[in-house]
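Below is one structure; the comments refer to it alone.
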Amino acid sequence: MTGGAAGRRVIPVGRAVGIKIFSDGVLVVGFSQIPASGGNVTPAKSCGLREGDVITHINSTEVDTVEEVQEELKRIGGEEMSIRALRDGKTVQVTAQAVKCSTDGTYKLGAWLRDSMAGIGTVTYYDPSTGAFGALGHGVNDVDTAQLMPLESGGLLPATVADVKKGKRGEPGELHGAFDADKDMGTLIANTTSGIFGFASGEELALREPVEVASKDQVKEGAAVIYSNVSGDQVREYQVEITKLYPAAQDGRDMMIKVTDPALLEATGGIVQGMSGSPILQDGRLIGAVTHVLVSDPTQGYAILAERMLETAEESGKTGE
């Protein structure tokens, strides 16, 4: 770390929001057999496509949605086509031929595709001087391939937490929220392994006064607090303990935390899905964000350093400066 983010002043948020992401290209999440005149076939698999590939072009036409892929298949019919895709950051090109499905008469490749995702998460910080925000503390990954969703566009939606599925040993809990799809709170610019980043007007994120971002060497084991939204749209402070610091961590696991607050344990059982991004403060400084729950013990989980989140935002050029 360069240390450039430490000492900056941002607002710790803790607000639960709806998160929507539209992919840059169309993600292949699986394959299916197509009933055709000559028997069942899977053209997408046969031509060399793999799960996790991101289709970006069919012939010379750029495709970003499932509908655009379907339109191209309808136009091309049974002719050969060139498919360009991204695989592990590199471009691959294959030649494929859709088949006419004997069930409905449409031309298909036999690939399950995804072009968008939506869910609930928590905003970690908001910078009132630039309008920049960071959330989640980890990336948005496709649920089937576990691949980081390539971001074309996305945004934050106002959300209220309707109820909570409490976490139990071996079974993570989750927040259930209702989104206001007609109102955008902010625009997503980057989806990274250290969080999602973007810009917002701040009206619903500027909940308190800015605090200083701690450097890694200012974080210590011991008492801390988190701000989290586990009911309605109310953000409350809860007691936690930093139980372990990892010197060379990655993937949002810079430290381990344990929920000690009786009210939060009663409400959620500890850390649940949807709380990712909840800001952690110690000695009045923002030190990190909740990222993962320990499946074997929902009272414990992992957290990323706030310094790492802000430096990732800076490296992505998403700070607004």
Side-chain angles (χ1 to χ4, degrees), residues 19-119 136 138-155 188-197 250-253 292 312 315-318:
I19 297 166
K20 58 180 181 180
I21 282 189
F22 299 97
S23 63
D24 185 10
V26 182
L27 185 65
V28 178
V29 298
F31 299 101
S32 62
Q33 292 189 330
I34 306 300
S37 56
N40 291 339
V41 291
T42 312
K45 193 171 186 178
S46 302
C47 76
L49 286 173
R50 301 178 188 171
E51 289 185 10
D53 285 355
V54 179
I55 298 173
T56 59
H57 294 79
I58 296 179
N59 290 337
S60 59
T61 303
E62 185 176 346
V63 290
D64 284 314
T65 68
V66 173
E67 289 76 17
E68 288 173 353
V69 172
Q70 291 170 338
E71 288 172 10
E72 284 305 296
L73 296 184
K74 183 178 180 180
R75 187 179 65 80
I76 295 168
E79 298 176 11
E80 279 195 347
M81 70 188 85
S82 173
I83 297 177
R84 200 187 318 167
L86 289 174
R87 179 183 298 161
D88 299 326
K90 297 180 180 178
T91 300
V92 296
Q93 196 153 328
V94 298
T95 300
Q97 196 167 359
V99 298
K100 192 172 187 178
C101 177
S102 59
T103 304
D104 60 15
T106 62
Y107 282 92
K108 298 180 179 180
L109 282 172
W112 294 106
L113 304 174
R114 181 169 290 127
D115 60 12
S116 62
M117 289 183 67
L136 293 185
H138 59 70
V140 175
N141 293 347
D142 175 71
V143 293
D144 292 300
T145 66
Q147 179 171 314
L148 197 67
M149 285 287 283
L151 178 68
E152 170 71 19
S153 62
L188 293 184
I189 304 297
N191 180 26
T192 79
T193 56
S194 297
I196 59 174
F197 304 100
Q250 55 185 355
D251 272 349
R253 291 174 168 88
H292 304 85
T312 300
E315 290 162 8
S316 304
K318 313 306 177 190

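Residues take their numbers from the sequence shown, with the count starting at 1.
Shown here for L148 and N191, the closest heavy-atom pair between the two residues is CD2-O, 3.5 Å. Considering every non-hydrogen atom in both K20 and L188, the closest pair reads O-CD1, 3.7 Å. Of all heavy-atom pairs between A111 and A44, the closest is CB-CB, 3.7 Å. Of all the heavy atoms in K108 and P43, the pair that sits closest is O-CG, 4.0 Å. The minimum heavy-atom distance linking A36 with V41 is given by the pair CB-CG2, 4.3 Å.
Side-chain atoms of N40 do not come within 3.5 Å of backbone N or O of Q33 as any donor-acceptor pair.
Looking at heavy atoms from C-beta onward, R114 lies in side-chain contact with D142 at the 4.5 angstrom threshold. Side-chain atoms of F31 and T42, non-hydrogen and from C-beta on, do get closer than 4.5 Å to each other. At a threshold of 4.5 Å between non-hydrogen side-chain atoms, the residues T193 and T312 do not count as touching. Side-chain contact check for E67 versus D115: some heavy-atom pair is nearer than 4.5 Å. Side-chain contact between L151 and I21 is present, with heavy atoms from C-beta onward closer than 4.5 Å. At a threshold of 4.5 Å between non-hydrogen side-chain atoms, the residues M149 and D24 do not count as touching.
Checked against L27 for a side-chain contact (heavy atoms from CB on, under 4.5 Å), the options V54, L86, D53 give a single hit: V54.
Under the side chain to side chain contact (heavy atoms under 4.5 Å, CB included) criterion, E72 pairs with I58, T61, V63, R75, I76, not counting sequence neighbours. Residues that satisfy the salt bridge (Lys or Arg N to Asp or Glu O under 4.0 Å) test with D64, not counting sequence neighbours, are absent from this structure.
Counting non-hydrogen atoms of other residues, nucleotides and ligands closer than 6.0 Å to CZ of R50 gives a total of 12 or fewer. Surrounding CG of D88 are at most 12 heavy atoms belonging to other residues, nucleotides or ligands under 6.0 Å away.
How far CD of E51 is from CZ of R87: 11.5 Å, rounded to the nearest 0.5 Å. Distance check: Q70 CD to L109 CG gives 10.5 Å after rounding to the nearest 0.5 Å. We find the CE-OG distance between M81 and S60 to be 13.0 Å, quoted to the nearest 0.5 Å. Atom CD1 of residue I189 and atom CZ of residue F197 lie 12.0 Å apart, to the nearest 0.5 angstrom.
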Less than 3.5 Å apart, which donor and acceptor atoms pair up between the side chains of residues 92-103 and the rest of the protein, not counting sequence neighbours?
from: Q93; atom 1: NE2; to: S82; atom 2: OG; distance (Å): 2.7
from: Q97; atom 1: NE2; to: G78; atom 2: O; distance (Å): 2.6
from: S102; atom 1: OG; to: P35; atom 2: O; distance (Å): 3.0

Check step by step if side-chain contact (heavy atoms from CB on, under 4.5 Å) holds for R84 and I55.
-> CA-CA 6 Å; R84 200 187 318 167; I55 298 173; over 6 Å; no
